[in-house]
Amino acid sequence: MFRDVAFGQYYPAKSFIHKMDARIKIVLSLLYMVGIFFIQSFFGFGVIFVFLALMIIASRVPFKSVVKSIKPILILLVFTTILNLFFVSSGDVLVEWWIFRITYGGLIFAGKMILRLLLLVMGASILTLTTTPVDLTHAIEKLLKPLNVIHFPVHELALIMSITLRFIPSLMDETDRIIRAQKARGADFESGNIFKRAKAFIPILIPLLIGAFKRADELAIAMDSRCYKGAKGRTKMKILKAGWRDFVGSLVLLIFFGGVIALNFLQPQLEPALPWMFL
Amino acid sequence: MYLVLENKKEIISVQNATYIYRTSAEDEAKETAAKAVNGVQDVSLSVYEGEFLALVGHNGSGKSTLAKLFNGLLLPQSGRVTVFGYDTKKSDEVFEVRRRVGMVFQNPDNQMVASIVEDDVAFGPENIGVPQPEIVERVKWALSAVKMSDYADKTPTRMSGGQKQRVAIAGVLALKPSVIVLDESTAMLDPQGRKEVLDTVKRLNKEENITIILITHFMDEVLDADRVIALDGGKIVMEGTPVEIFRQEDKIKETGLELPIICDLAHKLADNGFDVDADNFDLEKLGEEICQSL
Amino acid sequence: MSIVVKNLNFVYNPKSPFEKHALVDVNLTVDDGDFLAVIGHTGSGKSTFIQHLNGLIKLQDGVINVDGIDLSLKKVDFKKLRGTVGMVFQYPEYQLFADTVYNDVAFGPKNLKLSKEEIDERVKEAISLVGLNFDYVSQKSPFELSGGEKRRVAIAGVIAMRPKILILDEPTAGLDPQGKKEILGLVTKLRQTTSPTIIMINHDMNEVARYATKVAVFDMGSVVFAEPPQQLFKKQEQLVKMGLDIPTLAKLRNMLVSKGINLPDDCLTVERMAEELIKLKKRRQDECSET
């Protein structure tokens with residue numbers, strides 16, 4: 001349902017994670033993503049998978065929705081796997097055919113890459129599944145606020161994002177209407193070569209563009225009329241407040257990642273006793 | 001009726017204001033050729049505290065231009081517009097004007113900034129730096145005043161035109177204005193939506209004592225107005241109570257407008273020897289009178 | 001018979017949580033020369049219905065026959081269908097796109113793959129039919145025109161396809177009284193010239209009462225009534241229950257009839273109502289003086 005883009009992939013629920021401060025969620029997601037790249041061992045990935053599973057349960061988002069987020073990157077996944085399989089060569093040769101050679105090292109490397117990407121995307125999807133784009137916009141505005149010092153237009157950027165979210169459904173509706181109207185006048189968008197088809201879109205694009213400018217114009221007048229004068233002297237209704245949930249959530253993430261990353265440093269001491277941890 | 005208004009406080013004063021749209025020299029030549037101007041020319045009028053004023057006229061009569069002069073969205077090329085003594089031409093006073101004169105526009109889709117109703121209503125008070133706890137209160141109050149409290153956390157995507165316009169009214173109300181101008185805000189709505197919007201502003205006029213300036217070309221919407229001003233060719237051509245306006249049937253038609261159906265019939269019957277009140281807008285009453293005079 | 005619709009059903013987003021039955025067993029016949037008004041409030045299915053008639057919505061279940069074209073067949077000749085049924089959407093001026101009025105109006109005929117001469121002839125005819133001066137506007141950009149003129153150009157773009165059946169979705173929306181009158185006058189003229197059958201969605205019951213020969217009332221996806229306005233607007237209670245308006249004069253007529261004043265059922269315009277009342281008064285006066 002593209003029409004509800006304001007909610008994006010948002011899965012409405014009232015879970016622990018839904019109630020966390022969007023700013024904290026963004027920061028933790030970034031930490032999580034960086035953390036993933038410090039993990040080298042299958043054991044480490046296993047730990048993070050457990051962490052991810054706990055998060056999904058805590059978010060009350062159906063597991064299916066999280067898995068669905070992998071779909072858009074499937075091609076990337078296959079592509080990197082093939083590259084890694086064939087171009088990383090170390091260790092025993094497992095299969096050899098013509099110029100292709102799959103080695104044990106390549107297989108391990110490819111496997112770890114797949115795990116890394118899966119963890120990355122599924123982790124990020126928890127953020128977007130539990131936070132509305134509107135809240136994300138608010139949070140990004142707050143997080144970027146320090147950049148005001150270097151005159152980075154933080155407020156304007158956030159406003160642009162918010163207005164974009166607001167108008168995408170309207171523009172989608174309008175596109176749909178224009179397509180129907182031109183079809184009713186016998187327009188054909190399906191047949192002909194690529195140039196013909198590209199040309200067939202002119203009767204859609206021009207009215208759409210003109211309509212968008214008209215909207216922009218009217219919105220600007222409406223904003224002026226409601227005393228809009230930029231970021232200066234502006235207050236905000238929604239105050240983001242970090243609460244105990246944010247503290248607990250941060251703690252859990254730090255413990256998991258701290259533990260796994262610590263393994264990297266403790267490798268020389270632990271490997272002789274527990275080699276399986278560092279495969 | 002007039003005397004009552006005269007005693008009231010004048011809150012908007014338009015003095016010999018002219019605003020003419022010119023896009024090219026060619027246009028200017030056309031203007032002198034044609035009698036009508038695109039915009040308003042040398043218009044003077046007063047708006048009084050608490051009144052329900054209707055501004056009528058056909059498309060292009062200048063009524064929307066006049067509306068935009070009321071809160072400094074357009075500045076008069078000559079003449080003056082003052083609101084509570086603030087001059088719209090002074091750039092340091094225009095925000096004082098805009099927080100007192102709110103405006104609701106025609107297209108319900110193109111005046112909402114945020115994707116969530118309450119965020120949108122908060123936009124105005126956020127702009128003028130109202131402290132956060134008060135914004136929350138104002139938003140709550142504004143949404144309940146237009147009976148949209150249940151939609152506070154919803155997106156406007158699936159709302160009807162009437163509901164969207166009520167949210168737009170709430171967005172204006174949150175600035176605590178003295179005047180709300182509805183610039184053809186009912187033109188794109190279906191009958192149900194029109195009724196919702198009109199009922200809302202009539203209630204705000206009575207209960208909150210907010211001055212309403214309703215701009216429309218539907219004559220049946222002005223029946224309850226305290227005063228009607230008709231524009232044509234950028235000039236005021238009629239002014240009076242709805243009854244006084246509707247008596248001037250020929251002039252209304254000249255102005256490109258139409259009598260409400262009930263008035264039209266009442267006039268025709270009165271002219272043909274029926275004992276009916278020609279100034280009546282009430283269907284029941286007209287029916288009774290017809291029965292008795294048959 | 002122009003249009004026959006039998007047992008038409010339509011479901012949006014079938015088999016999903018958003019499933020919505022937009023049309024439920026719709027049966028409707030539109031005869032050649034009918035001026036059909038389609039009424040019903042938002043979401044009643046009227047818009048879904050009219051879009052079926054020129055194939056903009058794919059038929060799911062039921063039978064539609066439009067001027068001999070069977071839409072339930074696997075292969076429908078859409079070119080022929082769209083040349084037969086013209087569709088003017090709401091606010092059609094927002095679909096203008098070409099550099100000149102001429103090219104915009106020619107878009108439809110070009111899509112029908114007509115000869116250059118034929119296109120030229122049709123464009124000229126369409127532009128003058130909608131009441132615009134061909135020599136004055138044809139080489140202008142449509143975006144330079146006034147709102148009312150733009151709407152006429154958009155309608156001309158549909159008329160140039162010479163549709164026998166013309167469908168208009170709220171053609172008077174957003175116009176002032178004068179503009180409304182002009183557009184409805186134009187529709188009446190088109191009915192006498194190019195498009196003898198008119199189907200119009202309209203929320204203004206006074207306009208419906210004045211222009212339509214037949215009214216189809218949609219409620220919750222079904223056609224509840226399909227009859228001439230004179231009969232329909234006697235059913236005041238039922239219509240009000242559906243949340244629909246009654247034309248002002250139909251209300252008055254119903255009121256007077258209930259008080260024992262006999263008025264013909266076509267007193268739906270001010271002129272007719274005044275005429276009948278004046279006649280009645282005269283007759284009663286004559287009766288009085290006789291006795």
Side-chain angles (χ1 to χ4, degrees), chain B residues 23-24 26 38 56-61 63 106-107 158-163 184 186-195 216-220 252-253 255-276 281 283-284 286-288 290-294, chain C residues 39-43 90-91 144 146-148 170 173-182 201-206 209-210 243-263 267-275 277-285 288:
Chain B
T23 44
S24 63
E26 196 189 333
N38 194 5
V56 297
H58 60 83
N59 285 349
S61 60
K63 57 190 194 303
Q106 184 176 24
N107 193 327
R158 283 176 195 188
M159 295 189 326
S160 71
Q163 289 174 323
E184 297 198 51
T186 54
M188 294 177 78
L189 304 180
D190 60 9
Q192 171 68 29
R194 277 172 59 193
K195 197 173 155 345
T216 183
H217 46 236
F218 294 117
M219 289 304 252
D220 45 353
I252 285 182
K253 284 189 177 146
T255 316
L257 297 169
E258 261 176 4
L259 276 183
I261 285 178
I262 301 176
C263 294
D264 195 3
L265 182 67
H267 286 195
K268 282 207 169 66
L269 294 179
D271 290 347
N272 281 284
F274 279 75
D275 186 20
V276 296
F281 311 135
L283 194 67
E284 293 277 338
L286 181 65
E288 298 284 339
I290 290 173
C291 286
Q292 273 155 29
S293 69
L294 266 174
Chain C
I39 63 174
H41 44 78
T42 319
Q90 227 179 80
Y91 298 100
E144 284 173 41
S146 76
E170 288 195 68
L175 298 176
D176 61 9
Q178 190 60 33
K180 277 182 202 244
K181 236 193 226 162
E182 282 172 18
I201 291 186
N202 200 332
H203 286 297
D204 186 332
M205 294 302 151
N206 292 316
R210 183 179 278 268
L244 291 170
D245 263 352
I246 310 288
T248 315
L249 294 174
K251 252 186 255 172
L252 182 64
R253 182 190 166 272
N254 294 342
M255 192 197 303
L256 294 175
V257 168
S258 73
K259 285 177 177 158
I261 296 168
N262 218 355
L263 283 169
C267 289
L268 296 174
T269 62
V270 172
E271 301 88 67
R272 279 289 296 135
M273 181 60 99
E275 190 189 328
L277 284 174
I278 292 163
K279 240 198 280 178
L280 198 65
K281 189 175 166 75
K282 219 172 157 209
R283 208 181 315 142
R284 291 208 177 170
Q285 275 168 346
C288 277

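Reminder, nothing fancy here: chain letters follow the sequence lines and each chain counts from 1. Values below: every heavy atom of this structure, side chains too, minus hydrogens, waters and symmetry copies.
- With a 4.5 angstrom heavy-atom cutoff, B:E284 touches chain C via backbone and side-chain atoms both.
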Intermediate values then yes/no, salt bridge (charged side-chain N to carboxylate O under 4.0 Å, His left out), B:E258 and C:K180: CA-CA 11 Å; B:E258 261 176 4; C:K180 277 182 202 244; over 6 Å; no

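- Heavy-atom neighbours of B:D271 CG from other residues, nucleotides or ligands within 6.0 Å: above the threshold of 12.
- Both the backbone and the side chain of C:L277 come within contact range of chain B, with heavy atoms under 4.5 Å apart.
- Here C:L175 is the residue among C:D245, C:D204, C:L175 with the most heavy-atom pairs under 4.5 Å with chain B.
- Contact of B:L269 with chain C is made through the side chain alone, with heavy-atom distances under 4.5 Å.
- By the 6.0 Å contact criterion, CD on C:Q90 is enclosed, its count of non-hydrogen atoms from other residues, nucleotides or ligands being greater than 12.
- Listed options C:M273, C:H41, C:K259, C:R284 were ranked by heavy-atom pairs under 4.5 angstrom with chain B; first place goes to C:K259.
- In this structure, CD in C:E275 is found 11.5 Å from NZ in B:K268, a value given to the nearest 0.5 Å.
- Contacts of C:K181 with chain B are made by side-chain atoms alone, with heavy-atom separations under 4.5 Å and no backbone atom involved.
- To the nearest 0.5 Å, atoms OG1 (C:T269) and CG (B:L265) are separated by 10.0 Å.
- When heavy atoms are compared at a cutoff of 4.5 Å, B:L283 approaches chain C by way of both its backbone and its side chain.
- Here OG1 of C:T248 is found 7.5 Å from CG of B:D220. Values are rounded to the nearest 0.5 Å.
- Rounding to the nearest 0.5 Å places CG of B:L294 at 5.0 Å from CG of C:L280.
- B:H58 places no side-chain N or O within donor-acceptor distance of the main-chain N or O of C:P177, the cut-off being under 3.5 Å.
- In this structure, SG in B:C291 is found 5.0 Å from CG in C:L256, a value given to the nearest 0.5 Å.
- Of the inter-residue distances, the one linking B:I290 atom CD1 with C:M255 atom CE reads 8.5 Å to the nearest 0.5 angstrom.
- The backbone N or O of B:N59 sits less than 3.5 Å from a side-chain atom of C:D176, completing a donor-acceptor pair.
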